[in-house]
Asker: 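I'd like to ask some things about the structure below.
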Amino acid sequence: MPGPLDGRVALVTGASRGIGRAIALALASAGARVAVNYVREEARAKELASRVGGIAVRCDVSRREEVRSMVERVESELGPIGVLVNNAGVMELMDLSSFDEAAFRRMMDVNLMGPLYVTLEALPGLKATRGAIVNVASNAAIGTAIPGSTFYAVTKAALIALTRRLAFELAPYGIRVNAVAPGWIETDMTLGGRSPEAAESARSFFRSRSMLGMTGRPEDVASAVLFLASPESAYVTGQVLVVDGGRIDYLTHGIRFAPAWPGGSPPPHRSACTAPPSASWPSSRLLSWPALPRALRTPRPVTPGA
Ligand code: NAP
């Protein structure tokens with residue numbers, strides 16, 4: 001039976017493992033010929049490429065010259081790129097108090113400049129094929145309340161802005177540009193180097209912050225990417241599809257925080273909101289899973305002007 005991506009060439013960056021690997025498998029199962037990009041894990045990338053009948057291409061997406069060579073090779077061996085998935089990414093945990101400029105610049109280079117460079121180089125092929133671009137952002141960009149992810153979130157928020165602007169710019173060429181924003185997914189990025197106990201503790205933490213009481217698998221993100229890459233989403237562009245099990249700890253969704261205020265109600269006036277957080281923040285203010293139904297029954301009243 002023909003697949004929705006039959007005859008399409010797909011380039012998936014950062015496809016040697018984790019979410020990118022699952023995306024490559026999903027696109028291949030839908031009929032695409034897949035180029036598997038990697039930067040270090042050559043053996044894993046080659047194994048995957050042979051499994052999906054595609055090619056493995058080494059390239060650091062933060063280096064424009066390497067990106068140019070990668071795109072040239074993909075197009076000469078497989079044909080013009082009709083599906084581009086900008087998945088390669090890195091995460092360095094830091095916030096304002098631990099800001100590390102070199103690490104932040106590295107994140108910007110890979111998470112923002114990488115997708116931009118690959119898009120620029122693949123553009124002629126994408127125009128010729130009236131292709132689809134899917135950028136892998138993060139729900140951190142839209143405000144999940146996890147300490148240490150501030151600057152990672154900034155890079156992904158910029159990627160979402162790029163997604164929306166490029167959707168507008170490229171629509172006249174028939175190119176759709178969308179993003180997925182995964183929540184906590186079990187990969188090397190989140191579990192690499194953790195002991196089994198620490199991994200279980202992380203799972204349990206994130207399960208307690210999901211409406212569905214779940215953590216995510218790479219395949220959960222891959223099926224969303226497949227939808228956005230395929231003609232099934234022909235009327236969808238400039239969108240961000242959040243794939244996070246219904247996270248409850250968004251900074252701007254006050255309802256989720258309501259019962260965690262001391263005494264169960266918000267501070268009486270604005271100045272109290274600006275008081276420094278306690279040492280135990282944010283866990284003392286986050287809901288536990290069993291507390292959620294009560295929270296939903298008693299939304300926090302909106303304080304005018306707050
Ligand atoms: P991962 O397991 O750490 O895998 C990262 C992938 O990116 C690897 O294939 C790696 O290649 C590749 N990569 C890293 N730097 C690269 C560079 N400069 N050039 C080319 N490839 C590079 O990460 P993941 O969890 O699958 O994450 C994939 C994407 O989803 C990232 O953009 C991440 O920010 C995003 N995301 C992840 C989560 C999560 O919870 N896991 C949540 C939200 C968003 P090598 O194997 O060759 O090193």
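In each ligand, atom 1 is the first atom listed, and ligand 1 is the first ligand listed.
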Asker: Are Val90 and Val67 connected in a single hydrophobic cluster, I mean Ile/Leu/Val/Met/Phe/Trp/Tyr linked by side-chain heavy atoms less than 4.5 Å apart?
Answerer: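 Same hydrophobic cluster.
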Asker: Considering non-hydrogen atoms of the protein only, which is the closest contact for atom 19 (N) of ligand 1, and what is the distance?
Answerer: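 For atom 19 (N) of ligand 1, the nearest protein heavy atom comes out as Val61 N, 3.0 Å.
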Asker: Regarding Arg203 and Glu186, does a basic nitrogen lie under 4.0 Å from an acidic carboxylate oxygen?
Answerer: yes
Asker: Note the single closest protein heavy atom to atom 7 (O) of ligand 1, along with its residue, its atom name and the distance in Å.
Answerer: Gly14 CA, 3.5 Å
Asker: Are the side chains of Asn111 and Tyr152 in touch, meaning some heavy atoms are under 4.5 Å apart?
Answerer: yes
Asker: Pick whichever of Val118, Thr215, Asp60, Leu48 has a heavy atom sitting closest to atom 18 (N) of ligand 1.
Answerer: Asp60
Asker: At a 4.0 Å cut-off, with the gap strictly under it, does some heavy atom of Val136 reach an atom of ligand 1?
Answerer: yes
Asker: Ignoring hydrogens and angles, state whether a donor on the side chain of Arg106 or Ser62 is under 3.5 Å from an acceptor on the partner side chain.
Answerer: yes
Asker: Under a 4.0 Å heavy-atom limit, does Glu186 contact ligand 1 with its side chain, its backbone, both, or neither?
Answerer: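 Near ligand 1, Glu186 shows nothing, with every heavy atom at 4.0 Å or more.
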Asker: What about Leu5 and Val236, same hydrophobic cluster or not, with Ile/Leu/Val/Met/Phe/Trp/Tyr joined at side-chain heavy-atom distances under 4.5 Å?
Answerer: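 As far as the 4.5 Å side-chain criterion goes, Val236 and Leu5 are connected within one cluster.
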Asker: What part of Ala137, side chain, backbone, both or neither, has a heavy atom within less than 4.0 angstrom of ligand 1?
Answerer: backbone
Asker: When you measure from atom 25 (O) of ligand 1 to every protein heavy atom, which one gives the shortest distance, and what is it?
Answerer: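 The protein heavy atom lying closest is Thr187 OG1, 2.5 Å.
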Asker: Identify, by atom number and element, the atoms of ligand 1 in contact range of Ala15, meaning under 4.0 Å from any of its heavy atoms.
Answerer: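 Close to Ala15: 9 (O).
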Asker: Tell me whether Arg165 is salt-bridged to Glu169, with the criterion being a basic N under 4.0 Å from an acidic carboxylate O.
Answerer: no
Asker: Of the protein's non-hydrogen atoms, which lies at the shortest distance from atom 16 (C) of ligand 1, and what is that distance?
Answerer: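 Answer, as residue, atom name and distance: Val39 CG1, 3.7 Å.
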Asker: Of the backbone atoms (N, CA, C, O) and the side-chain heavy atoms from C-beta on, which set of Asn111 has a member under 4.0 Å from an atom of ligand 1: side chain, backbone, both, or neither?
Answerer: neither
Asker: How are the rings of Phe151 and Phe99 set relative to one another: parallel (under 30°), tilted (30 to 60°) or perpendicular (over 60°)?
Answerer: tilted
Asker: We want to know whether Asn135 and Thr163 form a side-chain donor-acceptor pair, criterion being a heavy-atom distance below 3.5 angstrom.
Answerer: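 Their side chains do contain a donor-acceptor pair, which is all the 3.5 Å distance test asks for.
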Asker: Give the contacting part of Cys59 toward ligand 1: side chain, backbone, both or neither, where contact means a heavy-atom distance below 4.0 Å.
Answerer: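 For Cys59, the contact with ligand 1 is made by the backbone alone.
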Asker: Honestly, is Arg209 close enough over Phe205, meaning NZ or CZ under 6.0 Å from the six-membered ring centre and within 45° of the axis?
Answerer: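 Arg209 over Phe205 ring: yes.
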Asker: When you measure from the side chain of Ser210 to the backbone N and O of Leu212, does any donor-acceptor pair fall under 3.5 Å?
Answerer: yes
Asker: Heavy atoms only: which of Ser62, Ser138, Gly183 is nearest to atom 42 (C) of ligand 1?
Answerer: Gly183
Asker: Given the rule that I, L, V, M, F, W and Y join up when any side-chain heavy atoms are under 4.5 Å apart, are Ile160 and Phe104 in one cluster?
Answerer: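 Different clusters.
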Asker: Please tell me whether Val134 and Ile81 are part of a single hydrophobic cluster in this structure, the criterion being side-chain heavy atoms less than 4.5 Å apart.
Answerer: no
Asker: Which one of Ala43, Ser16, Gly192 has a non-hydrogen atom at the shortest distance from atom 9 (O) of ligand 1?
Answerer: Ser16
Asker: Using a 4.0 Å cut-off to any heavy atom of Asn37, which atoms of ligand 1 qualify?
Answerer: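 Counting from 1, the qualifying ligand atoms are 20 (C), 21 (N).
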Asker: For atom 43 (C) of ligand 1, which of Ala45, Ala56, Pro182 has the closest heavy atom?
Answerer: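 Nearest option to atom 43 (C) of ligand 1, by heavy atoms: Pro182.
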Asker: Linking I/L/V/M/F/W/Y whenever their side-chain heavy atoms sit closer than 4.5 Å, directly or via other members, would Met70 and Ile133 fall into one cluster?
Answerer: yes
Asker: What residue and atom, counting heavy atoms only, is the protein's closest point to atom 5 (C) of ligand 1, and at what distance?
Answerer: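 Ranked first by proximity to atom 5 (C) of ligand 1 is Gly89 O, 4.1 Å.
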Asker: Would you say Val90 and ligand 1 have an N/O pair spaced under 3.5 Å apart?
Answerer: no
Asker: Atoms of ligand 1 less than 4.0 Å from Val110 heavy atoms?
Answerer: 18 (N)
Asker: Show your working on side-chain contact (heavy atoms from CB on, under 4.5 Å) between Val83 and Val12 and close with a plain yes or no.
Answerer: CA-CA 8 Å; Val83 172; Val12 184; over 6 Å; no
Asker: At under 4.0 Å between heavy atoms, is it the side chain or the backbone of Ile19 that contacts ligand 1, or both, or neither?
Answerer: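 For Ile19, the contact with ligand 1 is made by both the backbone and the side chain.
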Asker: Relative to atom 34 (O) of ligand 1, which among Tyr152, Tyr38, Phe206, Trp184 owns the nearest non-hydrogen atom?
Answerer: Tyr152
Asker: Within the 4.0 Å heavy-atom shell around Arg40, which atoms of ligand 1 are there?
Answerer: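 Going through ligand 1 atom by atom, the ones under 4.0 Å from Arg40 are 45 (P), 47 (O), 48 (O).
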Asker: How close does the nearest protein non-hydrogen atom get to atom 21 (N) of ligand 1, and which residue and atom is it?
Answerer: Ala88 CB, 3.5 Å
Asker: Side chain or backbone of Arg106 under 4.0 Å from ligand 1, or both, or neither, by non-hydrogen atoms?
Answerer: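 Side chain only.
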Asker: Using heavy-atom distances only, which candidate in Ile185, Val180, Asp188 approaches atom 2 (O) of ligand 1 most closely?
Answerer: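 Residue with the shortest heavy-atom distance to the ligand atom: Asp188.
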Asker: Mark up the atoms of ligand 1 that fall under 4.0 Å of a heavy atom belonging to Thr190, in ascending order.
Answerer: 39 (C), 40 (O), 41 (N)
Asker: Below 4.0 angstrom from a heavy atom of Gly18, which ligand 1 atoms are there? Numbered from 1 as shown, please.
Answerer: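 Every atom of ligand 1 under 4.0 Å from some heavy atom of Gly18: 26 (O).
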Asker: In terms of side-chain geometry, is the basic nitrogen of Glu72 or Arg68 positioned less than 4.0 Å from the acidic oxygen of its partner?
Answerer: no
Asker: Should Asp244 and Arg247 count as an ion pair when the cut-off is N to O under 4.0 Å?
Answerer: no
Asker: Answer with side chain, backbone, both or neither: which part of Ala140 has a heavy atom less than 4.0 angstrom from an atom of ligand 1?
Answerer: neither
Asker: When you measure from atom 3 (O) of ligand 1 to each heavy atom in Glu66, Met91, Lys156, Arg17, which option holds the nearest one?
Answerer: Arg17
Asker: Less than 4.0 Å between a side-chain N and a carboxylate O, is that true for Arg194 and Glu200?
Answerer: no
Asker: What protein heavy atom is closest to atom 32 (O) of ligand 1, reported as residue, atom name and distance in Å?
Answerer: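 Residue, atom and distance for the closest contact: Asn87 O, 2.7 Å.
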